[in-house]
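In what follows, every chain begins at residue 1, and chains take the letters A, B, ... in the order their sequences are listed.
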Number of protein chains: 2
Amino acid sequence: MPPTLEEVAKLAGVSRSTVSRVINQHPSVRPEVRERVWAVIRETGYQPHAAARSLATRRTRVIGLIIPQAVTTLFTDPYFPILIRGVADACNSFQYHLMLSLFSQGQAGNSSARQDELYQQVLRGQYLDGVLISSAPLDDPIFRRLLQDGIPFVVVGRYPHERIHYVDVDNVNGARMAVEHLLRLGHERIATITGPLNMCAGQDRLEGYRQALTSRGLAVDEKLIAEGDFTEQGGRMAMQRLLPQRPTAVFAASDVMAIGAIKVIRDAGLRVPDDIAVVGFDDIPLASVVEPPLTTIRQPIDQLGSMAVKLLIGLIENPEGSTVHRVVLPTELVIRASCGIRAK
Amino acid sequence: MPPTLEEVAKLAGVSRSTVSRVINQHPSVRPEVRERVWAVIRETGYQPHAAARSLATRRTRVIGLIIPQAVTTLFTDPYFPILIRGVADACNSFQYHLMLSLFSQGQAGNSSARQDELYQQVLRGQYLDGVLISSAPLDDPIFRRLLQDGIPFVVVGRYPHERIHYVDVDNVNGARMAVEHLLRLGHERIATITGPLNMCAGQDRLEGYRQALTSRGLAVDEKLIAEGDFTEQGGRMAMQRLLPQRPTAVFAASDVMAIGAIKVIRDAGLRVPDDIAVVGFDDIPLASVVEPPLTTIRQPIDQLGSMAVKLLIGLIENPEGSTVHRVVLPTELVIRASCGIRAK
DNA sequence: AATATTTGTGAGAGCGCTCCCAAAAGAAGA
DNA sequence: TCTTCTTTTGGGAGCGCTCTCACAAATATT
């Protein structure tokens with residue numbers, strides 16, 4: 001049995017309250033007493049009981065990272081591990097803890113009911129002080145519920161709602177830079193493999209593609225747009241649909257899809273970048289390693305995570321602030337071999 | 001303010017105790033009363049307060065997944081996301097929650113002191129009912145502490161200690177199968193790129209390599225063994241050291257390292273599998289997609305995770321059992337193009 | 001019909017902490 | 001020296017739940 005406050009108090013010859021003050025760095029404790037109490041704490045290895053503390057303070061110092069059902073299939077995309085690492089690091093440095101809620105398919109039963117149940121348990125059960133939502137579909141009911149229940153939350157990825165705080169990378173500009181690079185290389189039939197269009201990231205990257213073309217006075221040919229789902233397999237399927245259109249270049253909205261596309265292009269007997277240039281998005285570690293190394297858009301994923309945590313903790317510890325926080329981190333073009341160097 | 005037990009009780013015209021019984025499915029409540037209480041619970045959206053409950057029961061229904069400092073650099077290896085997904089799924093289906101503790105470098109200060117602090121907070125603070133440790137180095141002090149504090153835990157990866165429960169895949173046999181396959185294809189100068197040798201998985205896969213050779217009566221040439229660290233970069237460096245030895249085949253202890261090795265082989269102007277055959281380990285999703293598709297050893301990573309959770313929850317809910325649980329899941333050879341088909 | 005047994009329910013204490021309030025102890029002013 | 005303030009300390013209540021125990025009601029036993 002670990003020692004309690006009471007026991008520490010007795011050993012130090014003071015009251016429960018005084019020990020509590022020492023633990024919580026309350027200033028009005030005589031230095032001499034404080035030292036005596038600390039000595040006993042060290043000696044006994046005393047650690048406040050988290051649940052007891054939460055019950056009294058209504059705070060848990062735990063935040064949740066929720067990754068909804070719709071995206072757990074993408075979980076092998078290196079995006080998530082990096083995000084998680086960023087989030088975990090930030091939590092560590094703020095002395096918060098991280099609870100991970102994935103809603104994946106593996107389980108029996110209606111999984112949206114399942115998601116509901118988990119929501120109920122975790123959030124209304126006050127396990128968490130606040131949550132981070134990563135790349136949920138725009139219509140996910142969780143947003144309404146969080147707003148309704150008044151639970152502090154930050155979305156990782158843009159979310160168009162005036163009361164929602166979010167952190168995102170500049171997807172529109174990133175995509176635009178990618179396509180502009182292809183335009184500069186002289187390409188005119190540029191296709192795109194989009195992300196899922198019910199996610200903001202998917203929409204925004206498509207929007208960047210459109211902007212790059214129209215600002216050059218080029219028409220957007222809808223036949224050169226194929227929807228993917230951020231998976232390698234989805235990238236392959238989309239590329240298959242695009243091939244008959246004979247594009248000279250493809251902008252894939254994720255590196256993983258770009259890799260799938262390259263595979264299909266090669267299987268069709270064509271070369272990358274000679275016959276079809278390819279640009280990806282994300283700059284996952286793999287991008288520099290595949291053959292040919294991928295030209296892509298780098299996004300600071302771990303910063304995204306730590307920034308989201310910082311914002312969320314701000315909301316938790318300072319609920320007064322009525323300003324809605326929106327952070328958009330810059331993206332950057334990384335030129336490698338997969339887009340070739342075409343003469344203008 | 002969410003409703004409390006007391007309030008629900010008043011609304012249902014019963015006592016606090018009765019509502020508690022209903023929530024906890026205690027049998028001795030009249031069906032009619034039970035129904036009435038449930039109605040109020042549904043109506044009010046009542047959810048028991050997690051902290052209050054934990055305080056009374058000394059259980060949190062939260063388990064931790066701890067990934068120590070030494071391996072967070074590998075976190076982009078698809079191994080971890082898959083493991084995490086397996087663990088998360090299993091948690092969901094047992095109605096447990098998952099707390100993730102990564103100890104990575106990002107942070108300032110002596111990080112082993114940091115790790116200590118976190119240990120103290122999370123584990124002695126009774127946040128968790130038990131923990132899963134993934135691939136910690138054999139000498140990590142956490143094992144001793146857990147044992148000492150009597151905290152239920154299961155290690156993911158073999159751990160040679162008579163009181164420690166673990167779940168692992170059959171690394172020795174897997175490696176052996178990989179190398180035997182190369183032997184069958186007629187190779188004789190088979191090199192290996194090992195994992196870090198302070199981890200069991202690294203040692204065991206090397207052991208499998210040795211066994212395959214010696215059981216064929218072949219000598220093990222230490223110059224054909226290069227230590228890697230499970231990263232792509234580590235794989236490249238190890239391959240560079242091996243190239244001068246002119247191996248005709250390489251067994252890499254992870255797919256990620258195999259991919260690094262292939263790159264080096266090609267940069268040296270050699271072809272895979274024609275000049276050097278390569279076999280990996282893990283069967284990560286990427287393995288089937290790279291050029292050439294990787295022959296590798298499949299390990300059921302998500303099963304590993306869910307099995308570990310199952311064991312751990314067993315330990316938590318049934319602390320009496322004095323048997324030490326050890327589960328070893330089978331591995332499987334997956335033949336693709338990277339090892340070629342050599343005549344016998 | 002009287003007693004014994006089972007079943008259902010409520011009251012109370014307690015889990016370990018925080019925080020308010022009032023008392024005690026010093027410090028300062030008269 | 002006595003009052004008035006300030007600083008430091010202890011006691012008590014309360015956070016929302018569970019769980020034991022005792023009592024009331026319903027059923028079974030003789």
Problem - Pair Q47(A)-Q126(B), side-chain donor/acceptor within less than 3.5 Å - result: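 Judged by distance alone, the side chains do not pair up.
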Exercise for the section: Indicate for each nucleotide in nucleotides 5-18 of chain D, in 5' to 3' sequence, whether protein heavy atoms under 4.0 Å reach the base (B), only the sugar-phosphate (S), or nothing (-). Expected result: ---SBBBBB-BBBB
So, the side chain of [X] versus the backbone of [Y]: is there a donor-acceptor pair under 3.5 Å, distance only?
X: N318(B); Y: G314(B); value: no
X: D168(B); Y: R158(B); value: yes
X: D129(A); Y: R61(A); value: yes

Exercise for the section: Would you indicate whether R144(B), at its atom CZ, is surrounded by more than 12 heavy atoms from other residues, nucleotides or ligands within a distance under 6.0 Å? Expected result: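 Incorrect, the count does not exceed 12.
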